[in-house]
Amino acid sequence: MSDLSSLGDLRGKRVLVRSDLNVPLEGDADQQRITDDGRIRASVPTIRSLAEAGARVVVTAHLGRPKGAPEQRYSLAPVSERLGELLGADVAFATDTVGESARSTVAGLEDGEVALLENVRFNAGETSKDDAERREFAERLAGLADAFVSDGFGVVHRKQASVYDVAQLLPHAMGDLVATEIDVLRRLTDTPERPYVVVLGGSKVSDKLGVIDNLLGKADKLLIGGGMVFTFLAAQGHEVGRSLLEQDQLDTCREYLARAAESGVEILLPGDIVVDTTFPTGEATPQPRVVAATAIPADCLGLDIGPASAADFAAALSGARTVFWNGPMGVFEVAEFSDGTRAVAQALTEVEGLSVVGGGDSAAAVRTLGFDESAFGHISTGGGASLEYLEGKTLPGIDVLED
Ligand SMILES: Nc1ncnc2c1ncn2[C@@H]1O[C@H](COP(=O)(O)OP(=O)(O)O)[C@@H](O)[C@H]1O
Ligand SMILES: O=C(OP(=O)(O)O)[C@H](O)COP(=O)(O)O
């Protein structure tokens, strides 16, 4: 797999870098504030080393999941400003991705300067399932550069134009962030020290349930929290009220529970849940209450694991020698629903062995809850990407870099 040196002398070359700058934001659509800049910080070293080598660096990235057309609230403009502050240099921001603004911004770059293109997902071609449509968009992106560097670890599991197709059109290399991430994850898949405990939560439930299939043969214990809990509880026949639920995954969850029982892998589900009657949006004052996981009222949503479950999860983590955690245990962005996530994070800091936290929101959670990053073995910038790596799946954005 080629590293940056394989691209040769970069002076004067236009280098397109795919970074993952998908950071959490808050505030009105036209006045967004970045609440955690971890992914931008993680992207800086590769961008800086390309600039220092004299390249004209063109960064492309996504923010959120817009539907193939511009939407103010998903603009990368605030990210561009923060990137400039962290680089200590101006970042030229193009207000489109492959249009007139992008072309003139790139044409105006001097050696060692950096530009950021507007959200690549404002273009339907980026995420299209149609190979020809994706390819056509990738050709327009590739037209802006002489070489491509893949450094957005959080998106390498996506077969998307700026991650996959563009690498087929330009001389390419793997960025240092992706290389470092893969090195750590390899330690989890090769010979993890036991007990090996995996904690899963978050909200991208259908994306992430699949990893359990593979982990049932590898991990000793699986702790399930966050939005993932309710599909399991419903699969066991319990009422989950208005909680996040993936109806079409009920059979899959039943199968996982049955296989875990047969194979002796412990799947630990929370026994109590913090609920409220509305999802916290910032207007209503939260009215949290703790209920048994088997008795969630029909008008409520589960928003965190309860205090007894948090203690159970911490106990299950003590003595672990390898831990992988993806997905917050609750809506940690709101103080009233952050205790479960805090308890799991605290337990991870006490693990003597390798503890890995993966995912944009999980990493943001440990930082915004005040934990010191150095208390964890590794904080990965990719949740879905690291899970798919652990599943043993081929990651399109890595595979395409093999020559
Ligand atoms: N019970 C829940 N219901 C709804 N959303 C939840 C719940 N628990 C956690 N979340 C949300 O999950 C989001 C993070 O999920 P996800 O994107 O899967 O994690 P990551 O980015 O770490 O991979 C957070 O914004 C959090 O508020
Ligand atoms: O936030 C991300 O992934 P993660 O939530 O799995 O860590 C990446 O930026 C990928 O985003 P996507 O899941 O919308 O493709």
Side-chain angles (χ1 to χ4, degrees), residues 18-26 35-36 38-40 42-43 61-67 74 76 79 119-121 126-127 152-160 162-164 181 199-209 211 224-233 240-246 270 273-276 278-281 288 293 296 300-306 309 324-341 344-345 356-368 379-389 395-397:
R18 179 48 159 115
S19 300
D20 182 356
L21 305 178
N22 187 23
V23 290
L25 296 161
E26 66 177 15
T35 55
D36 179 75
R39 275 186 169 147
I40 311 178
S43 304
H62 73 283
L63 185 71
R65 292 177 169 177
K67 302 269 173 283
Y74 293 125
L76 280 170
V79 171
N119 194 337
V120 69
R121 290 187 183 171
E126 168 68 0
T127 54
F153 177 70
V155 278
V156 290
H157 59 316
R158 303 290 183 214
K159 192 174 182 183
Q160 297 178 349
S162 69
V163 177
Y164 175 79
E181 296 267 20
V199 189
L200 294 176
S203 58
K204 293 180 182 170
V205 181
S206 52
D207 270 15
K208 294 176 178 176
L209 264 176
V211 73
I224 313 276
M228 211 172 261
V229 167
F230 308 101
T231 309
F232 277 93
L233 290 174
V240 297
R242 295 185 297 114
S243 309
L244 200 61
L245 175 63
E246 300 278 346
I273 299 286
V274 184
V275 299
D276 202 340
T278 53
F279 192 87
T281 56
I296 297 177
C300 285
L301 310 92
L303 296 168
D304 193 9
I305 60 171
S309 309
F324 178 80
W325 171 29
N326 170 253
M329 297 292 97
V331 181
F332 73 93
E333 296 92 338
V334 176
E336 287 82 351
F337 307 111
S338 64
D339 288 348
T341 303
V344 165
V356 179
V357 183
D361 287 302
S362 309
V366 301
R367 286 187 289 258
T368 53
I379 300 193
S380 170
T381 54
S386 41
L387 287 175
E388 291 202 15
Y389 184 91
L395 302 177

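Order of appearance sets the numbers: ligands from 1, and atoms from 1 within every ligand. All values derive from a computational prediction rather than experimental measurement.
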Top protein contact for atom 27 (O) of ligand 1, by heavy-atom distance: Glu333 OE1, 2.7 Å
Atoms of ligand 2 close to Gly383 [distance to a heavy atom under 4.0 angstrom, numbered from 1]: 4 (P), 6 (O), 7 (O)
Location of contacts on Asn326 toward ligand 1, heavy atoms closer than 4.0 Å: side chain
Nearest-contact summary for atom 4 (C) of ligand 1 - protein heavy atom, Å: Phe279 CE1, 3.8 Å
N/O separation below 3.5 Å, Arg158 to ligand 2: yes
Atoms in ligand 2 flagged as close to Asp20, the criterion being non-hydrogen separation under 4.0 Å: 8 (C), 9 (O)
Heteroatom distance test (Gly382, ligand 2): nitrogen or oxygen, under 3.5 angstrom: no
Atom pair CG/CG of Asn326 and Leu200 - distance to nearest 0.5 Å: 6.5 Å
Best match, Asp361, Val274, Leu301, Leu244: closest heavy atom to atom 17 (O) of ligand 1: Asp361
Residue and atom name of the nearest protein heavy atom (relative to atom 22 (O) of ligand 1), distance in Å to one decimal: Ser362 OG, 2.5 Å
Per-residue contact class, Lys208 against ligand 2 - non-hydrogen pairs under 4.0 Å: side chain
Closest protein heavy atom (residue, atom, distance) for atom 7 (C) of ligand 1: Gly227 N, 3.6 Å
Proximity flag Phe337 to ligand 1, non-hydrogen atoms under 4.0 Å: no
Shortest protein contact, atom 18 (O) of ligand 1 (heavy atom only): Lys208 NZ, 2.8 Å
N or O pair under 3.5 Å between Thr381 and ligand 2: no
Heavy atom of the protein closest to atom 6 (C) of ligand 1 (residue, atom name, distance): Val331 CG2, 3.7 Å
Ligand 2 contact on Arg39 by region, counting heavy-atom pairs under 4.0 Å: side chain
Separation between CZ of Phe324 and OH of Tyr389, rounded to the nearest 0.5 Å: 12.0 Å
Rounded distance [0.5 Å steps], NZ in Lys204 versus CD in Glu246: 13.0 Å
CD on Gln160 to OG1 on Thr127, rounded to 0.5 Å: 6.0 Å
Residue pair Val229 / Phe232, side-chain heavy-atom distance below 4.5 Å: no
Sub-3.5 Å N/O-N/O distance, Ala385 and ligand 2: no
Contact atoms of ligand 2, heavy-atom distance to Gly384 under 4.0 Å: 4 (P), 6 (O)
Ligand 2 contacted by Asp361 (non-hydrogen, < 4.0 Å): no
Nitrogen or oxygen of Lys204 less than 3.5 angstrom from that of ligand 1: yes
Modelled atom types, side-chain donor and acceptor of Ser386 and Glu181, under 3.5 Å: no
Sub-4.0 Å atoms of ligand 1 with respect to non-hydrogen atoms of Phe230: 1 (N)
Proximity flag Glu388 to ligand 2, non-hydrogen atoms under 4.0 Å: no
Under 4.0 Å to a heavy atom of Val155 - the qualifying atoms of ligand 2, by number: 10 (C)
Closest protein heavy atom to atom 10 (N) of ligand 1, given as residue, atom name and distance to 0.1 Å: Gly330 O, 3.9 Å
Residue pair Asp361 / Glu333: nearest heavy atoms and the distance that separates them: OD1-OE2, 4.3 Å
Under 3.5 Å: donor-acceptor pair, side chain of Asn22, backbone of Gly64: yes
Contact check: Arg65 vs ligand 2, nitrogen or oxygen atoms, below 3.5 angstrom: yes
Heavy atom of the protein closest to atom 15 (O) of ligand 1 (residue, atom name, distance): Ser203 N, 3.0 Å
Leu387 side, atom CG; Ser380 side, atom OG - distance, nearest 0.5 Å: 9.0 Å
Nearest heavy-atom neighbours spanning Val120 and Arg18: CG1-NH2, 3.9 Å
Under 3.5 Å donor-acceptor, Arg121 side chain and Glu126 backbone: no
Ligand-residue contact atoms, ligand 2 with Gly154, heavy atoms, under 4.0 Å: 8 (C), 10 (C)
Residue Asn22 vicinity, atoms of ligand 2 by number, heavy atom under 4.0 Å: 1 (O), 2 (C), 8 (C), 9 (O), 11 (O)
Between CD1 on residue Ile273 and CG on residue Asp304, distance to nearest 0.5 Å: 8.0 Å
Exam field: side chain Glu26 to backbone Thr35, donor-acceptor pair closer than 3.5 Å: no
Closest to atom 1 (N) of ligand 1 among Gly302, Pro328, Ala385 (heavy-atom distance): Gly302
Passing option when Val331 is tested against Val274, Leu303, Asp276, Leu301 for side-chain contact (heavy atoms from CB on, under 4.5 Å): Leu303
Considering all heavy atoms, the nearest Val163-Arg158 contact: CG1-O, 3.4 Å
Atom indices of ligand 2, in the order listed, that fall short of 4.0 Å to a heavy atom of Gly359: 7 (O)
Proximal atoms of ligand 2 relative to Lys204 (non-hydrogen, under 4.0 Å): 1 (O), 2 (C), 3 (O), 4 (P), 5 (O), 6 (O), 11 (O), 12 (P), 13 (O)
Per-atom contacts, ligand 1 versus Gly226 - under 4.0 Å to a heavy atom: 1 (N), 8 (N)
